[in-house]
There are 2 protein chains.
Amino acid sequence: MDALTTPPRKRDAAATRARILEAAQRAFSETGYSHTGIREIAGMAGTSSTLLLRYFGSKAGLFEAALTAAMPIDAVFAQPRETIGRSLAEALLDPANAVRPPLMIALAAGDPEAATIAAKVFESQTVAPVAKWLGGADGRARSLEMAMLATGLVSYLRQLPLRPPSPDEREHIVAWFAGAIQAIVDQTER
Amino acid sequence: MDALTTPPRKRDAAATRARILEAAQRAFSETGYSHTGIREIAGMAGTSSTLLLRYFGSKAGLFEAALTAAMPIDAVFAQPRETIGRSLAEALLDPANAVRPPLMIALAAGDPEAATIAAKVFESQTVAPVAKWLGGADGRARSLEMAMLATGLVSYLRQLPLRPPSPDEREHIVAWFAGAIQAIVDQTER
DNA sequence: AGGACAAGTTATCGATCGATAACTTTTTCG
DNA sequence: CGAAAAAGTTATCGATCGATAACTTGTCCT
């Protein structure tokens with residue numbers, strides 16, 4: 001009588017874990033940390049919340065894992081240094097990149113627990129590497145400035161339901177962002 | 001037998017309403033929208049959640065009221081235009097200013113309901129007035145750029161539990177922020 | 001083949017949340 | 001004064017959340 005029901009999928013812990021992680025990245029970056037339930041994520045991954053918790057310990061653990069796995073900044077900073085502003089802007093605003101660290105930061109800021117996790121991961125995975133990439137004694141300050149810009153950009157152009165900027169306004173903003181990033185990168189020691 | 005118990009305070013709807021509003025501003029800007037309960041706010045105001053709901057209809061209504069009442073940008077933009085960058089930075093980072101629009105924005109971004117309210121209020125109370133203050137056809141784009149910078153600044157220097165920047169780094173960041181704001185303000189039509 | 005362990009499901013707990021109803025106390029005003 | 005309206009309290013509902021326990025089913029290894 002179960003000829004019409006979907007047969008249960010092959011058991012594969014690694015694949016299930018990966019599906020949960022991917023679903024978590026998508027869900028967290030769409031609805032934020034507090035507003036996303038583990039049942040919802042598990043449902044998107046085709047499993048149950050119980051299994052999710054066994055793999056990741058807790059909702060906070062899952063968030064940390066999702067955040068850590070979503071840090072593909074190397075590709076951006078491998079681009080030519082002379083046009084890194086544009087490259088970063090495009091990477092941040094590409095709709096295909098569902099999960100980006102600054103977006104996660106913006107989404108986590110409202111929840112103390114999530115903010116602590118996000119800050120820790122972001123510090124080690126993004127702020128510190130970029131500071132090293134920049135070089136100089138003021139590397140960390142400039143890295144933080146870039147992070148502020150990036151978080152602001154994704155917050156306003158991807159997250160907040162503001163009245164959408166016109167194409168001209170959007171291009172104005174993106175050009176300004178790229179220029180501001182480039183200025184920080186090109187800056188030499190004072 | 002109630003000689004030792006505090007006598008109940010005089011009944012004053014306006015004063016109670018004001019206490020609730022102030023408590024809401026403080027609580028929301030410390031723990032965010034989702035993570036702050038109406039019982040907690042009511043407790044800070046010395047009343048009950050029932051009364052809070054009667055005055056503000058719902059938690060979302062209270063948030064909107066708290067946000068609308070926390071928009072003292074006029075004072076900042078009444079300062080001399082030539083040094084508005086510094087003035088804005090100081091206003092945003094002054095610990096006495098517990099509630100600032102960009103901070104509320106940062107805290108609300110993670111919750112869809114709160115983000116919708118915050119975006120609507122911020123658009124009309126801050127983005128639009130600043131756009132008019134700036135003037136020019138690209139006023140709104142430049143206003144949004146300033147909002148991005150401000151949100152990034154308060155997020156990283158007031159909200160996120162990052163490893164705190166050193167005094168030198170902090171001053172580096174503040175000076176950069178003030179310069180970036182000033183550049184947007186001084187910018188003329190291209 | 002068969003058992004041991006991993007993978008996955010079902011049921012449920014306890015806490016918390018926003019919201020509502022019903023009630024009591026105080027103030028106000030004719 | 002006294003009654004009506006406003007101000008405030010107590011009790012509780014229904015839903016949702018993260019988390020745990022107990023159980024069943026599939027897979028793999030000797």
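We use all heavy atoms of the structure for the numbers below, so side chains are in, but hydrogens, waters and symmetry mates are not. We name chains A, B, ... by the order of the sequence lines, and we start the count at 1 in each one.
- Here C:dA19 is the nucleotide among C:dA19, D:dG18, C:dG8 with the atom lying nearest to any side-chain atom of B:Ile38.
- Among the nucleotides D:dT20, C:dG18, D:dG8, the one closest to any side-chain atom of A:Leu53 is D:dT20.
- For A:Phe77, the ring pair (Phe, Tyr, Trp, His ring centres under 6.0 Å) test picks out A:Trp133, with sequence neighbours left out.
- Within the structure, no pair that satisfies the ring-ring contact (aromatic ring centres under 6.0 Å, His included) test touches residues 146-166 of chain B, not counting sequence neighbours.
- Atom NZ in B:Lys59 sits about 8 Å away from atom P in C:dA19, given to the nearest Å.
- No side-chain donor from either of A:His35 and B:Glu113 sits under 3.5 Å from a side-chain acceptor of the other.
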Within the sub-3.5 Å range, which N or O atoms of nucleotides 9-13 of chain C have a protein N or O partner, and how far apart are they?
residue: C:dT10; atom: O4; partner: A:Thr50; partner atom: OG1; Å: 2.7

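- Residues passing the salt bridge (Lys or Arg N to Asp or Glu O under 4.0 Å) test with B:Arg86 are B:Glu171, sequence neighbours excluded.
- With sequence neighbours excluded, no residue forms a ring pair (Phe, Tyr, Trp, His ring centres under 6.0 Å) with A:Phe177.
- The list of salt bridge (charged side-chain N to carboxylate O under 4.0 Å, His left out) pairs with a residue in residues 46-70 of chain A, not counting sequence neighbours, reads A:Glu64-A:Lys120.
- The salt bridge (charged side-chain N to carboxylate O under 4.0 Å, His left out) analysis of residues 29-41 of chain B, with sequence neighbours excluded, yields no pairs.
- Rounded to an integer number of Å, the gap from CG of A:Leu52 to C1' of D:dC17 is 13 Å.
- Note on B:Ser34: nothing from the nucleic acid sits closer than 4.0 angstrom, heavy atoms only.
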Identify all pairs in which a protein N or O lies below 3.5 Å from an N or O of nucleotides 28-30 of chain C, and state each distance.
none

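- By the side-chain hydrogen bond (donor to acceptor under 3.5 Å, both in side chains) test, A:Ser34 is found to be paired with A:Asp111, residues two or more places apart in sequence or in another chain being considered.
- Atom CZ of A:Arg17 and atom P of C:dA6 are 16 Å apart (whole Å).
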